[in-house]
Amino acid sequence: MTNLPAEPAATSDFIRDIVAADLASGKHTHIHTRFPPEPNGYLHIGHAKSICLNFGIARQFGGTCNLRMDDTNPTKEDIEYVESIQADVHWLIGGWADDRLGLKPKGKTPDILTVKGQADFQLPAVTAGARDGLEPFYASDYFDQIYDYAVQLIRAGHAFVCDLSLEDMEKFRGTPDRPGTNSPFRERSVAENLDLFARMKAGEFPDGARTLRSKIDMASPNIWLRDPVIYRIRHVEHHHTGGKWCLYPMYDFAHCLSDYIEGITHSICTLEFEVHRPLYDWILNSLGLPRSLPRQIEFARLNLGYTVMSKRKLMQLVEEKLVTGWDDPRLPTISGLRRRGVPASALRTFAATIGVTKFNALTDVAVLEHAIRTELNATSQRRLAVLRPLKVVLTNLAAGEVIEFEAVNNPEDPAAGTRKIPFTRELYIEQEDFMEVAPPKYFRLRPGGDVRLKYACIIHCDEIVKDATGQVVEVRCTADLESRAGGVNAARKVKGTIHWVSAAQSVAAEVRLYDRLFTEEEPEQGGRDFKSVLNAHSLEVVQARLEPSLADAPAETRYQFERLGYFWPDPKDSQPGRPVFARTITLKDTWVKVAGKA
RNA sequence: UGCCCGAUGGUGUAACGGUAGCACAGCAGAUUCUGAAUCUGCUUGUCAUAGUUCAAAUCUAUGUCGGGCAACCA
């Protein structure tokens with residue numbers, strides 16, 4: 001039996017309260033959320049919070065959560081990102097909420113149904129079974145329908161074609177504390193608007209020549225209600241629709257309608273969209289749609305200490321090669337965390353722990369680290385590995401002698417069993433586990449001192465050997481073989497227990513030690529350039545010695561290297577027989593505190 | 001200085017007019033063949049002022065502080 005941390009319990013927060021109330025009141029009988037990233041970058045841990053929220057709600061209330069590419073701006077988007085997004089989402093929700101994932105048949109576009117005597121666009125989700133033949137939703141699959149809605153808006157007198165240039169539009173918009181003024185094109189006839197809009201679609205005008213604008217209120221204190229642009233001309237290829245369009249809807253127009261078409265009940269987004277909500281509602285209400293409308297609810301995005309979270313900054317780190325790629329294990333990207341060995345379940349636990357509110361918070365990385373350690377402590381097998389080897393010679397052992405000691409695989413999980421580790425005359429211990437001049441309370445090896453070798457026996461340091469520079473290069477010891485488990489001196493107590501490997505019977509391996517990417521908790525505090533506080537030691541590569549059982553460690557297997565931390569084979573660079581390990585996270589270390597105080 | 005949103009220990013989050021709780025971090029101790037894990041205990045909090053009420057973290061008003069909004073980005 002394992003002490004697996006319980007799957008995050010059904011939690012409650014202000015959004016779940018709304019959902020529960022809507023179910024209780026009968027407003028909805030089925031809950032439908034969505035996760036709608038724009039494919040213009042890789043997903044990060046902030047998105048993970050949103051994914052856990054949206055899929056978590058679907059899971060808790062027996063609903064569905066659609067994965068949708070919010071791809072209305074072809075100039076910034078790319079197929080590479082739609083692929084990485086899918087991989088990241090599948091990984092994060094796998095085994096937890098993948099049965100709630102809403103997809104659609106490949107190539108399918110909305111159906112036209114008649115609801116309450118009205119034509120109505122709908123695109124239902126498929127959640128059951130395999131993903132064969134299915135794909136995510138794409139806002140760009142609704143371009144025909146969204147165009148149709150725009151025509152309806154024009155017909156109803158709620159939208160007009162505007163010829164104002166970008167600069168002029170800015171002038172007419174006013175400022176937050178001063179109302180704007182109406183566009184001179186605001187009173188064009190419906191017929192003229194219809195004609196112009198059709199010609200915009202036909203490609204008769206260059207980029208920026210005209211826009212389609214909603215007709216709301218140029219004097220509104222809310223800038224987003226001052227006749228916002230809902231369509232702009234862009235003569236560019238789209239990664240999903242190819243060359244079909246040269247006219248693309250803006251986020252505000254496309255998003256609410258995409259939600260509606262998919263039958264979304266709760267459209268959850270981050271705080272910066274709060275001021276857009278009146279526009280979201282205005283569009284939906286202006287169209288007189290026959291089905292119940294989605295409701296937008298906003299929550300605070302995640303801010304985590306010692307990292308940066310925006311796609312723009314992450315992109316900068318990647319493009320300037322300050323990291324090795326989007327999946328660099330030091331990055332807070334989902335693919336980076338995955339490559340680092342962080343389990344998806346730990347990310348979910350983290351998301352559940354931090355909660356959901358409208359308060360703009362800065363979350364302590366310790367919370368993330370705790371979630372990772374808790375999960376890994378319960379599930380990973382222990383192994384011995386020496387990161388920075390120091391040779392130990394046991395003078396009372398014969399050169400060819402090999403003793404096999406039994407080691408427990410996981411003290412938290414007896415079912416994990418045991419394994420044998422070879423013990424020989426020449427060993428390696430960690431350099432920092434020996435000190436020639438030791439401070440008080442140092443429990444490890446020192447001249448004339450004793451220490452227990454984990455799973456083996458107690459050794460006594462008789463002699464040290466130094467090189468020409470005075471560096472200790474070898475420690476000569478006597479082993480008390482009777483202090484082994486089952487021996488007469490088995491009960492002998494010494495203050496310290498350290499890890500070790502056999503010199504001859506260990507394998508060499510590259511081990512990558514990751515640390516936080518920035519030296520400051522808030523890299524951009526006070527407007528400073530985040531790149532000026534990059535941690536120069538965020539990656540350290542060492543040539544380590546591992547116990548023999550690690551020679552061909554299977555992929556995807558997480559270990560605790562005792563007294564050091566949690567490690568796993570790097571998914572890209574580790575080869576059978578030539579392992580490369582990545583450190584996911586260190587163990588908590590109270591000794592550094594004790595030593596630091598001294 | 002226009003509009004919108006927010007404020008509970010060091011950090012994050014609960015309490016939905018009725019005993020301010022939980023987690024992380026920190027500190028102290030127990031235990032330990034991982035200075036890990038585990039266990040025990042402890043420190044620290046309702047932004048301010050006024051009001052409503054038998055009773056306010058919760059309701060009201062004002063103020064203070066913080067965040068967001070003036071892309072043909074999302």
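Just so we're clear, the structure is a prediction, and the values are computed from it rather than from any experiment. Proteins get letters first, then strands, A, B, ... in listed order; numbering begins at 1 in each.
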Only residue of A/R186, A/R213, A/R173 satisfying side-chain hydrogen bond (donor to acceptor under 3.5 Å, both in side chains) with A/D227 is A/R186
Exactly one candidate in A/H499, A/R419, A/E562, A/E547 meets side-chain hydrogen bond (donor to acceptor under 3.5 Å, both in side chains) with A/Y455; the answer is A/E562
For B/G2 and B/G63, measure between their P atoms and round to the nearest Å. 11 Å
Going 5' to 3' through nucleotides 19-24 of chain B and flagging B where a protein heavy-atom sits under 4.0 Å of the base, S where only the sugar-phosphate is that close, and - otherwise, we get -----S
Per-nt protein contacts along nucleotides 61-71 of chain B (heavy atom under 4.0 Å; B base, S backbone sugar-phosphate only, - none) come out as ------SBSBS
Taking the side chain from [X] and the backbone from [Y], do they hold a donor-acceptor pair closer than 3.5 Å?
{"X": "A/H239", "Y": "A/I79", "value": "no"}
{"X": "A/D13", "Y": "A/R16", "value": "yes"}
{"X": "A/Y248", "Y": "A/H235", "value": "no"}

Testing B/G12, B/C73, B/U34 for proximity to the side chain of A/R234, the answer is B/C73
Regarding the side chain of A/I354, the nearest nucleotide among B/U34, B/A74, B/G12 is B/G12
Ordered by number, residues from residues 488-495 of chain A within less than 4.0 Å of RNA chain B (heavy atoms) are A/K493
Ring centres under 6.0 angstrom apart (A/F273, A/Y251):
yes
Residues at least two apart in sequence or cross-chain that pass salt bridge (Lys or Arg N to Asp or Glu O under 4.0 Å) with A/E522, listed by chain then number, are none
So what does A/L164 hit on the nucleic acid, given a heavy-atom distance under 4.0 Å: a base, only sugar-phosphate, or nothing? base
Each base of RNA chain B marked ( ) or [ ] if paired in-strand (Watson-Crick or G-U under 3.5 Å), | if paired to another strand and . if unpaired gives .((((((..((((....[..)))).(((((.......)))))....(((((..]....))))))))))).....
Taken in chain and number order and not counting sequence neighbours, the residues that satisfy side chain to side chain donor-acceptor pair (under 3.5 Å) with A/R383 are A/Q381, A/N409, A/S549
